[in-house]
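Reckoned from all heavy atoms, side chains included, excluding hydrogens, waters and symmetry mates. By convention in this document, chain letters (A, B, ...) are assigned in the order of the sequence lines, proteins followed by strands, and residues within each chain are numbered from 1.
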Number of protein chains: 2
Amino acid sequence: MEWRILATAAELFRTKGYAQSTTRELAGMIGLKKASLYHYVESKEDLLYEISIQSLRQIDGDVAAAIAASAPADALRDLIKAHICSALGNRDHHAVMLSELRSLSEPRRQQIVKARDAYEARVRGVIVAEQAENRLRSDINPKYLTFALLNLLNWTIFWYQPGGALEPEQLGSLLASIFIEGAGAAGAVT
Amino acid sequence: MEWRILATAAELFRTKGYAQSTTRELAGMIGLKKASLYHYVESKEDLLYEISIQSLRQIDGDVAAAIAASAPADALRDLIKAHICSALGNRDHHAVMLSELRSLSEPRRQQIVKARDAYEARVRGVIVAEQAENRLRSDINPKYLTFALLNLLNWTIFWYQPGGALEPEQLGSLLASIFIEGAGAAGAVT
DNA sequence: GTCTATACTTCGATAGAC
DNA sequence: GTCTATCGAAGTATAGAC
């Protein structure tokens, strides 16, 4: 039951935003009255916290596994594909984690920020390693390469259409190619 | 006075989110009591609408001017720089427009979506033109190149530090290079 | 475990004095 | 133009019956 509440809350929060979502509406989506929700959940904010922490545990685990199983030369491409597949596979959770952080009150907000930073450090670690192997440009501070990559990846969930032309894995490959090879025509006179 | 209210509201909404911001707090930041605000403003939502529409007018105008003054071969790079400079120069407005759209009620929400789509179409237009001139890869649907570029650009305002190492124009050049040339080491064996 | 009823708080917005 | 006072609505959460 708890899992059902969490999944429904994630869907609701993603669609309407945390602050605009009411416990009454959430209960209604599950087929309960508002008060009955509090038999399972301590507070509305607990739901946001659980959604956020689960989202980060999931993507960090998925990406770590992908890297571990990957040949060094494929690490970055596999990271990108794993990130996209994980984020799109947990779209509601992930979108809520990304956009509703400021609605968490202080002890737990910092906890989510730390988990987010840890994931970011994992991504940066791969980028730094690729630079050391001369597979990524070294003329750009890895900090900016990491930001650029996370921009590219994170915000995809806000426009991706689940029934569209590209499966998550294809989209991941596409984004990996844009990030690594670039959008410029190879050999173009620029 | 109105401009001061709008700028303060944008700053407040960006920091705390629209729904979590109260008119009492906004009034306090200006040095007024809550009721006095309503001498200048009809409703809280009016502020959000004005912030959003101004943000889009600004960036669309800035980018259009940059393209018009640009040699064809530099159009995309100039677009990227203009986008970054405009967005960072109106950081509060732009961030609010990007992240608080769902708090607008229906007649005006669609209006903002339309303005956003129009700007997106402008960006896509340049990308399509660059493909036609063989300066951008044609093996990727321009729709995805546009999404990727806007991901890269739009979400930069959420981590950019105004006093950091890079000025907006430098950051724009950097992001242009990542998007066009890619992050991969030139000639690397991948 | 689910309900009705309600306590408690806070918000956006208004009324009306000055 | 700014204030104090307040209205009416809506929200989270709780009490207590069943």
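Cation-pi geometry between B/Lys44 and B/Tyr18 is met: the NZ or CZ atom falls under 6.0 Å from the ring centre, inside 45° of the normal.
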Protein-nucleotides 3-7 of chain D N/O pairs under 3.5 Å:
{"from": "D/dC3", "atom 1": "OP2", "to": "B/Lys33", "atom 2": "N", "distance (Å)": "2.7"}
{"from": "D/dC3", "atom 1": "OP2", "to": "B/Ser36", "atom 2": "OG", "distance (Å)": "2.8"}

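A salt bridge links A/Glu100 to B/Arg102: one of the charged nitrogens lies within less than 4.0 Å of a carboxylate oxygen.
Atoms CD (A/Gln20) and C1' (D/dA10) sit 14 Å apart, rounded to a whole Å. Rounded to whole Å, atom C1' of D/dA13 lies 11 Å from atom CG of A/Leu37. Here D/dG11 presents its P atom at 16 Å from CG of A/Leu47, a figure rounded to the nearest Å. Between the P atom of D/dA10 and the NZ atom of B/Lys44 lies a distance of 15 Å, rounded to the nearest Å. Distance NE2 (A/His39) to C1' (D/dA15): 15 Å, rounded to an integer number of Å. Atom pair A/Asp46:CG and D/dT12:P shows a separation of 14 Å (rounding to whole Å applied).
Contact check, B/Tyr40 against D/dT2: a side-chain N or O comes under 4.0 Å of OP1 or OP2. Note on A/Tyr38: a side-chain N or O is less than 4.0 Å away from OP1 or OP2 of D/dA13.
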Legend entry - From CA spacing to verdict: ring pair (Phe, Tyr, Trp, His ring centres under 6.0 Å), B/Phe13, B/His93: CA-CA 9 Å; B/Phe13 293 170; B/His93 283 64; over 10 Å; no
Side chains of residues 60-69 of chain A: which donor-acceptor pairs under 3.5 Å do they make with residues two or more places apart or in other chains?
{"from": "A/Asp60", "atom 1": "OD1", "to": "A/Arg122", "atom 2": "NE", "distance (Å)": "2.9"}
{"from": "A/Asp60", "atom 1": "OD2", "to": "A/Arg122", "atom 2": "NH2", "distance (Å)": "3.1"}
{"from": "A/Asp62", "atom 1": "OD1", "to": "A/Gln58", "atom 2": "NE2", "distance (Å)": "3.4"}
{"from": "A/Asp62", "atom 1": "OD2", "to": "A/Gln58", "atom 2": "NE2", "distance (Å)": "3.3"}
{"from": "A/Asp62", "atom 1": "OD2", "to": "A/Ser86", "atom 2": "OG", "distance (Å)": "2.8"}

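Residues B/Ser103 and B/Glu45 have side chains that never bring a donor and an acceptor to within less than 3.5 angstrom of each other.
Partners of B/Phe158 by ring pair (Phe, Tyr, Trp, His ring centres under 6.0 Å), not counting sequence neighbours, listed by chain and number: B/Trp155.
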